[in-house]
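Take a look at the structure below.
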Amino acid sequence: MKRKRRMVRRLSTRLLNVCVASLCKAHKLEKAETVIIDGIRLGVLPDVVTYNCLIDAYCRVIGIDAGYCILHRMGEAGITPDIISYNSLIAGATRKCQIARSLDLFDEMIQRGIAPDVWSYNTLMHGFFKSGKPDVANRVFRDIILGEHSPSAATFNIMMNGLCKNGYTKNAFMLFRDLQRHGFVPELVTYNILVNGLCKIGRLESARRILKEIWASGHVPNAITYTTILKCLLRKKKFEEGLELLLEMKCKGYTFDGFAYCTVIGALIKIGKVKEATEYREDMMRTGIELDIVSYNTLINMYCKDGKLEEAYKLLDEIEKKGLECDKYTHTIMIDGLCKAGNIDGAAQHLRYMNMMGFDSNLVAFNCLVDGLCKVGQIDDAMKVYKSMEVRDSFTYSSLVHNLCRDGRYHSAAKLLLSCLRSGMKILKSAQRAVLLGLRYSGFPREAKKLKSKIRIARILRLWLCANNIY
DNA sequence: ATAGGGTTAG
């Protein structure tokens with residue numbers, strides 16, 4: 001009788017967990033909490049699985065601190081956290097790029113007598129790759145391979161993805177082929193990682209070969225595979241092929257998700273086809289996709305490029321009402337939008353606001369402001385901003401050099417171009433041309449010639465440095 | 001329970 005009751009209770013805890021899990025997955029935290037409270041009232045107690053579910057969800061939806069609170073709560077309820085509780089927390093910290101926090105949790109786990117497993121190590125490795133420390137990630141990988149745990153399929157996937165993301169796509173490929181020779185059977189995820197790696201370095205043909213390999217392996221490429229290649233095609237301005245792939249996706253019955261729509265809309269905006277972009281937006285809204293911050297950013301950019309600032313502001317309100325948070329993209333897009341609309345003061349104000357909100361000073365936003373100031377003829381103000389910038393890049397210089405030339409200030413432009421080259425940066429070809437032609441036809445052909453040879457030497461130097469991996 | 005695709009500037 002007693003055992004039977006215990007069984008029923010276990011069964012209902014299981015039911016509770018199924019319920020909580022699905023609510024957590026839908027980010028309905030309050031609802032999940034209510035279900036748990038109702039369960040307790042009926043005598044169904046949550047167990048470690050219930051709390052692990054909550055930890056993961058709180059980490060995802062609110063943040064690592066919220067997840068950590070659940071760990072305390074389960075302690076108070078008399079339930080000991082297990083390896084999954086800690087792995088979820090470590091993953092939560094990693095997702096938010098807080099590698100130091102991941103390491104702290106890792107130590108805490110060991111101190112509490114919970115031994116890390118291969119999942120913990122996989123997550124740490126991912127964290128190091130994510131924070132741009134491929135050397136440390138490599139060491140973790142080595143420790144997994146040579147250590148007491150056997151690597152999982154995810155170990156290799158994370159390794160290959162990390163290599164691709166950190167500029168070692170070739171090495172990822174070598175690893176992939178070696179693993180295959182040793183009987184490693186790639187999953188679709190593995191292929192998608194490689195396709196993305198190849199696309200990022202512009203190796204479209206190789207990516208297409210992998211697509212064929214996917215079919216040959218018996219896997220069916222998914223929307224992720226297609227979206228990745230689509231993005232690459234559009235970036236390479238192969239719009240016809242892109243549209244073909246888009247049609248192929250539609251024919252094969254793939255449904256577009258937010259990622260696919262953003263890829264298409266973003267690409268259309270970039271080539272100035274705002275009308276077509278709007279059509280895709282309407283299509284997206286019809287499918288009832290829940291917009292996240294990236295989708296909002298894409299749409300805000302669309303309105304800005306179309307000169308409809310009021311619509312953009314409306315979306316900003318909507319973001320706030322939904323409880324989403326604007327990110328640095330949102331702000332940068334708005335700053336650019338304001339600049340392009342000629343509202344430099346508004347843009348500068350938004351930049352200050354952005355810094356006030358705790359965003360790091362943002363190179364792209366500054367570049368937008370510099371270019372905006374140039375475009376309204378305030379080049380000296382643009383130079384002031386340029387001088388105040390801690391970091392500059394090829395965009396900064398190209399924009400200034402171009403506009404100085406447009407203003408007939410070829411010597412200043414030449415000076416700036418030289419400091420750009422001295423910093424080891426490239427500069428837009430058209431900007432170079434503007435300076436050289438300007439100098440030559442305003443009576444300084446010798447200077448033009450000298451500058452030209454400097455440009456050539458800088459290019460040779462850069463190629464040489466790249467070939468030797470000094471950069 | 002970790003891993004894969006989308007958004008910004010010249």
Worksheet item: Side-chain N or O of Asn161(A) less than 4.0 angstrom from OP1 or OP2 on dA3(B)?
Response: no
Worksheet item: Any side-chain N or O of Lys305(A) less than 4.0 Å from the OP1 or OP2 oxygen of dA9(B)?
Response: yes
Worksheet item: Would you find more than 12 non-hydrogen atoms of other residues, nucleotides or ligands less than 6.0 Å from Glu282(A) atom CD?
Response: yes
Item to complete: Indicate yes or no: does Glu213(A) engage Arg177(A) in a salt bridge with an N to O separation below 4.0 Å.
Response: yes
Discussion item. Is it the case that over 12 heavy atoms from other parts of the model lie below 6.0 angstrom from the NZ atom of Lys250(A)?
Written reply: yes
Discussion item. Checking contacts here: which listed nucleotide (dA1(B), dG5(B), dG6(B)) is nearest the side-chain heavy atoms of Asp56(A)?
Written reply: dA1(B)
Worksheet item: With sugar-phosphate meaning primed atoms plus P, OP1 and OP2, does Asn196(A) contact a base, only sugar-phosphate, or nothing at under 4.0 Å between heavy atoms?
Response: sugar-phosphate
Worksheet item: Leu188(A) near the nucleic acid: base, sugar-phosphate alone, or nothing, with a heavy-atom cut-off under 4.0 Å?
Response: base
Discussion item. By the 4.0 Å heavy-atom rule, please label Ala365(A) as base, sugar-phosphate, or nothing.
Written reply: nothing
Worksheet item: Of all the choices, dG6(B), dA9(B), dA3(B), which nucleotide is nearest to the side chain of Asp336(A) once you look at every atom?
Response: dA9(B)
Item to complete: May I have the distance from Ile229(A) (atom CD1) to dG5(B) (atom P), rounded to whole angstrom?
Response: 14 Å
Item to complete: Output yes when Glu248(A) and Lys252(A) qualify as a salt bridge under the 4.0 Å nitrogen-oxygen rule, no when they do not.
Response: yes
Worksheet item: What nucleic acid atoms does Ser394(A) come within less than 4.0 Å of, heavy atoms only: base, sugar-phosphate, or nothing?
Response: base
Item to complete: Please determine, for the side chain of Phe395(A), which listed nucleotide (dG10(B), dT8(B), dA3(B)) has the closest atom?
Response: dG10(B)
Worksheet item: By centroid distance (under 5.5 Å) and plane angle (under 30°), are Tyr226(A) and dG5(B) in a stacked arrangement?
Response: no
Discussion item. Among dG5(B), dA9(B), dT7(B), which nucleotide has an atom closest to any side-chain atom of Asn297(A)?
Written reply: dT7(B)
Practice prompt. Tell me what Asn52(A) touches on the nucleic acid: a base, only sugar-phosphate, or nothing, going by heavy atoms under 4.0 Å.
Written response: nothing
Worksheet item: What is the nucleic acid contact for Asn222(A), judged by heavy atoms within less than 4.0 Å: base, sugar-phosphate only, or nothing?
Response: base
Practice prompt. With the side chain of Thr263(A) defined as its heavy atoms from C-beta on, choose the nearest nucleotide among dA1(B), dT8(B), dG6(B).
Written response: dG6(B)
Worksheet item: Would you call Arg208(A)-Glu205(A) a salt bridge at under 4.0 Å N-O?
Response: no
Discussion item. Is Lys200(A) close enough to dG6(B) that one of its side-chain N or O atoms is under 4.0 Å from OP1 or OP2 there?
Written reply: yes
Practice prompt. Round to the nearest Å and state the distance from Ile300(A) atom CD1 to dT8(B) atom C1'.
Written response: 12 Å
Discussion item. Regarding Thr227(A), tell me which of base, sugar-phosphate or nothing describes its non-hydrogen contacts under 4.0 Å with the strands shown.
Written reply: base
Worksheet item: So which nucleotide from dG5(B), dG10(B), dA1(B) ends up closest to the side chain of Ser399(A)?
Response: dG10(B)
Worksheet entry | Touch class at under 4.0 angstrom, heavy-atom based, for Ala154(A) against every strand present | base
Practice prompt. Establish whether the base of dT7(B) is bridged to the side chain of Thr298(A) by a donor-acceptor pair shorter than 3.5 Å.
Written response: no
Practice prompt. For the residue pair Tyr261(A) and Asp283(A), confirm or rule out a side-chain donor-acceptor distance under 3.5 Å.
Written response: yes
Practice prompt. Could you state the atom-to-atom distance from CD1 of Ile293(A) to P of dT8(B) in whole Å?
Written response: 14 Å
Item to complete: Check every strand shown and say whether Lys130(A) touches a base, only sugar-phosphate, or nothing at a heavy-atom separation below 4.0 Å.
Response: nothing
Worksheet entry | Side chain of Arg95(A) (C-beta onward), nearest among dA3(B), dT8(B), dT7(B) | dA3(B)
Worksheet item: Do Ser295(A) and dG6(B) have a side chain to base donor-acceptor pair shorter than 3.5 Å?
Response: yes
Practice prompt. Select base, sugar-phosphate, or nothing to describe what Asp117(A) touches, counting heavy atoms under 4.0 Å on all strands.
Written response: base
Worksheet item: Is the ring centre of Tyr397(A) less than 6.0 Å from the ring centre of Tyr386(A)?
Response: yes
Worksheet item: When the distance from CE of Met354(A) to P of dA9(B) is rounded to whole Å, what number comes out?
Response: 14 Å
Practice prompt. Flag the pair Glu279(A) and Lys273(A) as a salt bridge only when some basic side-chain nitrogen lies within less than 4.0 angstrom of an acidic carboxylate oxygen.
Written response: no
Discussion item. So Asn301(A), base contact, sugar-phosphate only, or nothing? Heavy-atom distance under 4.0 Å.
Written reply: sugar-phosphate
Discussion item. Can you tell me which nucleotide in dT7(B), dT8(B), dG4(B) comes closest to the side chain of Lys231(A)?
Written reply: dT7(B)
Item to complete: Check every strand shown and say whether Ile193(A) touches a base, only sugar-phosphate, or nothing at a heavy-atom separation below 4.0 Å.
Response: sugar-phosphate
Worksheet, complete the sentence: To the nearest angstrom, the CG-C1' distance between Asp393(A) and dA9(B) comes to 8 Å
Worksheet item: Considering only side-chain heavy atoms of Phe259(A), which listed nucleotide, dT8(B), dG6(B), dG4(B), is closest?
Response: dG6(B)
Worksheet item: Across the strands shown, which category fits Lys426(A) at heavy-atom distances under 4.0 angstrom: base, sugar-phosphate, nothing?
Response: nothing
Worksheet item: Does Lys340(A) make a side-chain N or O approach to OP1 or OP2 of dG10(B) shorter than 4.0 Å?
Response: yes
Discussion item. Under a 4.0 Å threshold between the charged nitrogen and the carboxylate oxygen, would Asp336(A) count as salt-bridged to Lys305(A)?
Written reply: yes
Worksheet item: His126(A) near the nucleic acid: base, sugar-phosphate alone, or nothing, with a heavy-atom cut-off under 4.0 Å?
Response: sugar-phosphate
Worksheet item: Quick one: which of dT8(B), dG6(B), dA3(B) gets closest to the side chain of Cys262(A)?
Response: dG6(B)
Fill in: Length of the CD1-P vector between Ile158(A) and dA1(B), whole Å
16 Å
Practice prompt. State whether Lys429(A) places a side-chain N or O below 4.0 Å from either non-bridging phosphate oxygen (OP1 or OP2) of dG10(B).
Written response: no
Worksheet item: Can a donor-acceptor pair under 3.5 Å be found between the side-chain atoms of Asp257(A) and the base atoms of dG6(B)?
Response: no
Worksheet item: Atom CE of Met74(A) and atom P of dA1(B): how far apart are they, to the nearest Å?
Response: 13 Å
Worksheet item: How long is the line joining CZ of Phe176(A) and P of dG4(B), in whole Å?
Response: 17 Å
